[in-house]
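The sequence lines fix the lettering, A, B, ..., with proteins before strands; numbering per chain opens at 1.
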Number of protein chains: 2
Amino acid sequence: MATGRTHRPATRSRGIPEATVARLPLYLRALTALSERSVPTVSSEELAAAAGVNSAKLRKDFSYLGSYGTRGVGYDVEYLVYQISRELGLTQDWPVVIVGIGNLGAALANYGGFASRGFRVAALIDADPGMAGKPVAGIPVQHTDELEKIIQDNGVSIGVIATPAGAAQQVCDRLVAAGVTSILNFAPTVLNVPDGVDVRKVDLSIELQILAFHEQRKAGEEAAAEAAVPAAARKASTDQGPDGDVPAVMPA
Amino acid sequence: MATGRTHRPATRSRGIPEATVARLPLYLRALTALSERSVPTVSSEELAAAAGVNSAKLRKDFSYLGSYGTRGVGYDVEYLVYQISRELGLTQDWPVVIVGIGNLGAALANYGGFASRGFRVAALIDADPGMAGKPVAGIPVQHTDELEKIIQDNGVSIGVIATPAGAAQQVCDRLVAAGVTSILNFAPTVLNVPDGVDVRKVDLSIELQILAFHEQRKAGEEAAAEAAVPAAARKASTDQGPDGDVPAVMPA
DNA sequence: CCATCTTTGTGCACGCGTTCACAAAGACAT
DNA sequence: ATGTCTTTGTGAACGCGTGCACAAAGATGG
């Protein structure tokens with residue numbers, strides 16, 4: 001693999017910053033693409049460009065994993081793919097359950113990106129008795145009553161919640177009680193979990209609202225610019241000033 | 001605005017920290033729930049609990065918006081709902097297009113959370129000619145050829161990409177060229193956009209990998225604990241030590 | 001009108017993450 | 001073997017975000 005005997009065991013302890021962890025999958029994806037094109041090595045500059053980050057940041061990120069990489073050359077692609085995969089725990093298989101097989105749950109079940117890297121859909125669970133047995137993405141849906149049994153039989157530690165908001169906390173509680181310690185939540189609710197359980201949320205509505213904020217801000221600046229140089233209105237005329245359409249003082 | 005002559009114009013300029021912006025939708029959701037229950041006022045402590053954040057953080061967040069809130073009482077729910085909505089730009093309607101009507105795109109189109117708050121699905125676009133005209137969520141799918149026209153006719157500034165990874169950059173380029181300045185990307189790719197265009201990504205695969213990392217770490221600590229006090233194995237026996245299956249020091 | 005009690009708004013300190021800039025390491029040519 | 005050139009790995013400075021802790025503001029009761 002690498003050339004010379006690598007230096008120290010590195011910062012290796014267990015202090016990988018959260019921000020770095022969040023970027024490792026990005027690097028891994030870029031590296032996998034390079035690997036498929038049989039590229040043997042890559043410089044931090046190139047890889048950083050592919051992953052859309054600063055090259056110094058990338059090097060620092062990798063430094064937390066150890067001293068892979070050869071000065072003057074770059075990083076060995078295959079080696080790095082392996083190291084990152086191992087660090088992320090993708091060398092083992094993670095059985096996952098999806099709870100709530102509505103539009104979204106079904107889409108997730110069909111999503112190819114699941115199986116691609118170490119994740120395996122162990123079961124689909126829904127509260128609707130009418131769905132029980134019905135196959136989605138080739139996997140028969142099981143009823144919520146079976147939840148605990150499914151978790152335990154399959155050694156599931158990662159659960160995906162795609163239920164309506166109202167059911168999410170209850171489902172979450174049951175998952176946790178059954179032994180799940182990581183949850184990916186697609187329901188638009190804040191989940192309360194005990195210590196030791198990780199929750200990550202994916203919230204379409206929130207993302208859109210953040211975009212709307214910036215969009216409005218951009219429109220505001222643009223409007224200020226137009227005050228000086230009136231440009232041809234591009235947007236429909238219903239577009240109002242983003243801040244000026246309401247009195248400054250509120251109803252109360 | 002508030003009661004006495006407020007001190008300075010506040011930090012008010014346009015310096016709302018990004019981290020705060022990202023939390024405003026959370027507060028808004030909690031406040032909306034309170035509003036529906038006709039709760040008139042709420043303290044920072046209560047609201048913070050509902051939103052799952054620290055109360056000091058919440059107060060500081062609100063302080064960026066201005067001095068709403070009454071000492072000794074709390075915040076007026078309705079008033080705050082309106083202020084945050086306005087700040088996020090939700091008092092106007094944002095037409096949105098969804099490109100890529102596969103499993104995920106269709107699920108997004110059907111997702112109720114879209115229309116609920118200021119967002120309106122203006123069009124569904126797909127590259128498959130066979131889908132053209134077919135209604136999804138009550139909206140007829142249009143062909144990619146129409147993309148530019150749709151964007152311009154509807155004054156769309158927010159686009160959602162739900163295509164396969166391979167098509168995402170190309171779609172992105174066309175959206176941007178047509179006038180879209182905010183993109184929500186569900187495709188597992190890094191998108192390159194010019195300055196002034198905002199991109200937010202939602203990536204199932206990345207989220208799972210982050211969870212896997214922590215899961216592995218937890219299992220590692222647990223294994224270390226078991227070395228001292230061997231507990232009954234809960235998970236299936238295929239479960240290996242998450243870090244112990246490889247030598248601590250690497251091959252090289 | 002005054003005292004007390006609640007809750008906001010924020011100054012301050014701290015820690016994490018990012019970025020710059022450069023010395024050290026190694027490849028490669030001569 | 002030696003010098004040059006490329007690229008890593010990281011020390012240090014900076015800025016942002018978080019959380020504590022408290023003074024000021026105002027409500028409420030006597």
Between D/dC20 (P) and B/Leu58 (CG): distance, integer Å: 14 Å
Positions of residues 33-47 of chain A (non-hydrogen atom under 4.0 Å from DNA chain D), listed by number: A/Ser43, A/Ser44
Residue closer to the 5' end of DNA chain C, A/Val73 versus B/Tyr75 (nearest nucleotide): B/Tyr75
Whole-Å distance separating the NZ atom of B/Lys57 from the P atom of D/dT18: 4 Å
Candidate pair B/Ser182 and B/Asp198, rule side-chain hydrogen bond (donor to acceptor under 3.5 Å, both in side chains), full reasoning: CA-CA 5 Å; B/Ser182 286; B/Asp198 284 304; 4.5 Å; no
A/Ser205 versus A/Gln209, side-chain donor and acceptor atoms under 3.5 Å: yes
No-H, no-angle donor-acceptor pair, B/Arg71 side chain to C/dT7 base, under 3.5 Å: no
Gap between atoms CG and C1', on A/Leu65 and D/dG9 respectively (whole Å): 13 Å
Distance below 4.0 Å between B/Tyr64 side-chain N/O and D/dC16 OP1 or OP2: no
Rounded distance (Å) that lies between atom C1' of D/dA24 and atom CZ of B/Arg59: 13 Å
B/Lys60 NZ - C/dC12 P separation (whole Å): 11 Å
Interatomic distance, A/Asn54 CG vs D/dC14 P [rounded to whole Å]: 18 Å
Atom CD of B/Glu18: over 12 foreign heavy atoms under 6.0 Å: yes
Ring pair (Phe, Tyr, Trp, His ring centres under 6.0 Å) evaluation trace for B/Tyr75 with B/Phe62: CA-CA 10 Å; B/Tyr75 299 92; B/Phe62 285 174; 5.1 Å; yes
Evaluation steps, side-chain hydrogen bond (donor to acceptor under 3.5 Å, both in side chains), between A/Gln169 and A/Thr189: CA-CA 8 Å; A/Gln169 182 64 58; A/Thr189 329; over 6 Å; no
Whole-Å gap separating P (C/dG17) and CD (A/Glu18): 8 Å
5′-ward residue of the pair A/Ala19/B/Gly69 relative to DNA chain C: B/Gly69
Length of the line joining B/Asp76:CG and C/dT8:P, which is rounded to integer Å: 13 Å
Residues B/Tyr68 and B/Asp76: side-chain donor-acceptor under 3.5 angstrom: no
Contact summary for B/Phe186 and B/Ala162, nearest pair of heavy atoms: CB-CA, 4.3 Å
Listed nucleotide nearest any side-chain atom of A/Ser63, set D/dT18, D/dG9, C/dT18: D/dG9
Touch class at under 4.0 angstrom, heavy-atom based, for B/Phe62 against every strand present: nothing
